[in-house]
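Data block below; observations after.
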Amino acid sequence: MVQSTKINKFQPRRCHNTKSPVFLLSVCGLLVGVAGICMHIVPMLLDSFSEYYVFNNFLCNFWFHFLSFFTNQTNVLVTIYYFLFIFMFKTPIFDNRKLTISICIYINLVGVTYWLIMFPTWLTGEQLNKISYKIVATLIFHLISPIIFNFFCFVEPNYPYGKEVKTSRNVIFGIKKYSFCLLVYLAIYSFYVIAINFIELPENIFRPEIDPGNDHRFWSVYGKITNFNKNAYNLIEIDGKPEYDLSSEGSIFMLVMLFVMTFLFFFIENLVILFNNSLTLPHLMKVDLKRNKKEYKNKIQKIYDKYSKVDRIK
């Protein structure tokens, strides 16, 4: 059995192994991420694609058609992470796997939520993108990117020290506190998704042919899925071009989706952390934990036995 080796601060500073699958996956992930971001942003700069957007200027389209989406925010975060990992690997943020696991949880939440909730909803309503570049961009952000990052995260969890070396610094302890920190970002984003649905946007930012009319200029990030305002029309796509469904209205019932996503978050978070800890926990530490856990149970049982006998005597 291979014994675990303790990593300490007096060992040489870590450096990349350019032949490792982890490094190669990070390069691949960076290229894929940049390609996906460009597929979303470049068409906004071209007049020939203006009919595929609601607003008449780049900044509004960039915010509402790109950065408003949790998927896009997370994929931008993943791309930045790959860049820092490749070029700034010796920085303290890579001393442990907390940042890596956090991003892994977010990107898995993106993939699972899209394919279990968003995709079926849009499929039944025939609202899927039929424009080739949008299809490719969607597959990159919702399928390819999560798959690459999962392989990157778990193919060599103790990178760059090798499979024979494990360090407890890669284990996630204090899960409750860690979960709270992760939820802060989701809470802020959820507040934005709800609040923006009730903020009326100025008339001059809409393209004239798409302007929904007075008292109805609201934005729902995910269309009918996050439309909680009865005065807001659902944005639909016809042949890839956005239009407002003037016969639609929002429903507060759709808030249930936020609760479903919260449940998915906790499920994915615990699954990812459990998998990470099982791969990174040093063997000797694992044995010690199991032994102490057994001893603790024995002590509890002795206390129960002791007081149960006293009760019988009385």
Fill in: Side-chain heavy atoms of Leu201 within contact of Phe218, under 4.5 Å
no
Worksheet entry | Non-hydrogen atoms of Cys38 and Pro43 that approach each other most closely | O-CD, 3.7 Å
Worksheet entry | Joint cluster assignment, Ile188 & Leu264, ILVMFWY side-chain distance < 4.5 Å | no
Practice prompt. Can you measure from CG (Asn75) to OH (Tyr81) and round to the nearest 0.5 angstrom?
Written response: 15.0 Å
Practice prompt. For residues Phe70 and Tyr222, determine if any side-chain heavy atom of one lies less than 4.5 Å from a side-chain heavy atom of the other.
Written response: yes
Worksheet item: Do Leu31 and Val136 share a hydrophobic cluster (ILVMFWY, side-chain heavy atoms under 4.5 Å, transitive)?
Response: yes
Response to the item:
Output for pair (Cys15 SG, Lys90 NZ), nearest 0.5 Å, gives 6.0 Å
Discussion item. Is there a side-chain contact between Met44 and Phe49 in this structure, where contact means two heavy atoms from C-beta onward sitting under 4.5 Å apart?
Written reply: no
Practice prompt. Classify the ring geometry between Phe94 and Phe89 as parallel (under 30°), tilted (30 to 60°) or perpendicular (over 60°).
Written response: tilted
Discussion item. For the CZ atom of Arg217 and the CG atom of Asn204, what is their distance to the nearest 0.5 Å?
Written reply: 9.5 Å
Discussion item. Could you report the tightest heavy-atom contact between Leu30 and Thr79, atom names first, then the distance?
Written reply: CD1-O, 3.6 Å
Worksheet entry | Under 3.5 Å donor-acceptor, Trp115 side chain and Val110 backbone | no
Discussion item. We want to know whether Asp215 and Asn231 form a side-chain donor-acceptor pair, criterion being a heavy-atom distance below 3.5 angstrom.
Written reply: no
Item to complete: Ignoring hydrogens and angles, tell me if any N or O in the side chain of Asn229 forms a donor-acceptor pair with the backbone of Asn197 under 3.5 Å.
Response: yes
Discussion item. Measuring only between side-chain heavy atoms, which start at C-beta, is Lys98 closer than 4.5 Å to Ile172?
Written reply: yes
Discussion item. In terms of relative ring orientation, are Phe55 and Phe206 parallel, tilted or perpendicular, with 30° and 60° separating the classes?
Written reply: tilted
Worksheet item: Do Phe198 and Phe228 touch side chain to side chain, with heavy atoms closer than 4.5 Å?
Response: yes
Worksheet entry | Donor + acceptor pair across side chains of Asn234, Asn227 (<3.5 Å) | yes
Discussion item. Tell me whether the rings of Tyr185 and Tyr106 are parallel (<30°), tilted (30 to 60°) or perpendicular (>60°).
Written reply: perpendicular
Discussion item. Are there over 12 heavy-atom neighbours, none belonging to Tyr178, within less than 6.0 Å of that residue's OH?
Written reply: yes
Worksheet entry | Nearest non-hydrogen partners of Leu24 and Thr18, listed with the distance | CD2-O, 3.6 Å
Item to complete: Tell me, please, which residues at least two apart from Leu183 pass side-chain contact (heavy atoms from CB on, under 4.5 Å).
Response: Leu186, Phe265, Phe266
Worksheet item: Taking the six-membered ring for Trp, are Phe87 and Phe83 parallel (under 30°), tilted (30 to 60°) or perpendicular (over 60°)?
Response: tilted
Discussion item. If you take the centroid of each ring, where Trp contributes its six-membered ring, are Phe85 and Phe152 closer together than 6.0 Å?
Written reply: yes
Worksheet entry | Output field: ring centroids His216/Tyr244 closer than 6.0 Å | no
Worksheet item: Same cluster for Phe64 and Phe191 if Ile/Leu/Val/Met/Phe/Trp/Tyr side chains link at under 4.5 Å?
Response: no
Worksheet item: What's the spacing between Ile147 CD1 and Leu139 CG if we round to 0.5 Å?
Response: 10.0 Å
Item to complete: Can you run down the salt bridge (Lys or Arg N to Asp or Glu O under 4.0 Å) pairs that involve residues 48-61, sequence neighbours left out, and say none if there aren't any?
Response: Glu51-Lys241
Worksheet entry | 4.5 Å side-chain heavy-atom contact, Ile37 and Phe66 | yes
Discussion item. I'd like to know if Ile80 and Ile140 are part of one continuous hydrophobic network [Ile/Leu/Val/Met/Phe/Trp/Tyr, side-chain heavy atoms within less than 4.5 Å].
Written reply: yes
Worksheet item: Do the side chains of Leu45 and Phe58 get nearer than 4.5 Å, heavy atoms only?
Response: yes
Worksheet entry | Over all atoms of both residues, closest heavy-atom pair of Leu67 and Gln73 | O-NE2, 2.7 Å
Fill in: Phe154 and Asn150, any side-chain heavy atoms less than 4.5 Å apart
yes
Worksheet item: When you check the side-chain N and O atoms of Tyr233 and Ser220, is any donor under 3.5 Å from an acceptor?
Response: no
Fill in: Tyr52 ring center near His65 ring center (under 6.0 Å)
no
Fill in: Approximate separation, where rounding is to 0.5 Å, of Thr113 OG1 and His142 NE2
9.0 Å
Worksheet entry | same_hphob_cluster(Met88, Val27) at 4.5 Å side-chain heavy-atom cutoff | yes
Item to complete: Say whether, by atom type as modelled, one donor and one acceptor occur between the side chain of Arg97 and the main chain of Pro157 under 3.5 angstrom.
Response: yes
Response to the item:
Rounding to 0.5 Å, atoms CD1 (Ile93) and OG1 (Thr100) come to a distance of 8.5 Å
Worksheet item: Is the Tyr192 ring parallel, tilted or perpendicular to the Tyr189 ring (thresholds 30°, 60°)?
Response: tilted
Worksheet entry | Verdict with supporting geometry, Ile268 and Val112, side-chain contact (heavy atoms from CB on, under 4.5 Å) | CA-CA 9 Å; Ile268 293 170; Val112 172; 3.9 Å; yes
Worksheet item: Which heavy atom of Trp219 sits nearest a heavy atom of Ser68, and at what distance?
Response: NE1-OG, 4.3 Å
Practice prompt. Please check if the distance between the ring centroids of Tyr159 and Phe23 is under 6.0 Å.
Written response: no
Worksheet item: Tyr82 and Leu25: which non-hydrogen atoms are nearest, and at how many Å?
Response: CE2-O, 4.4 Å
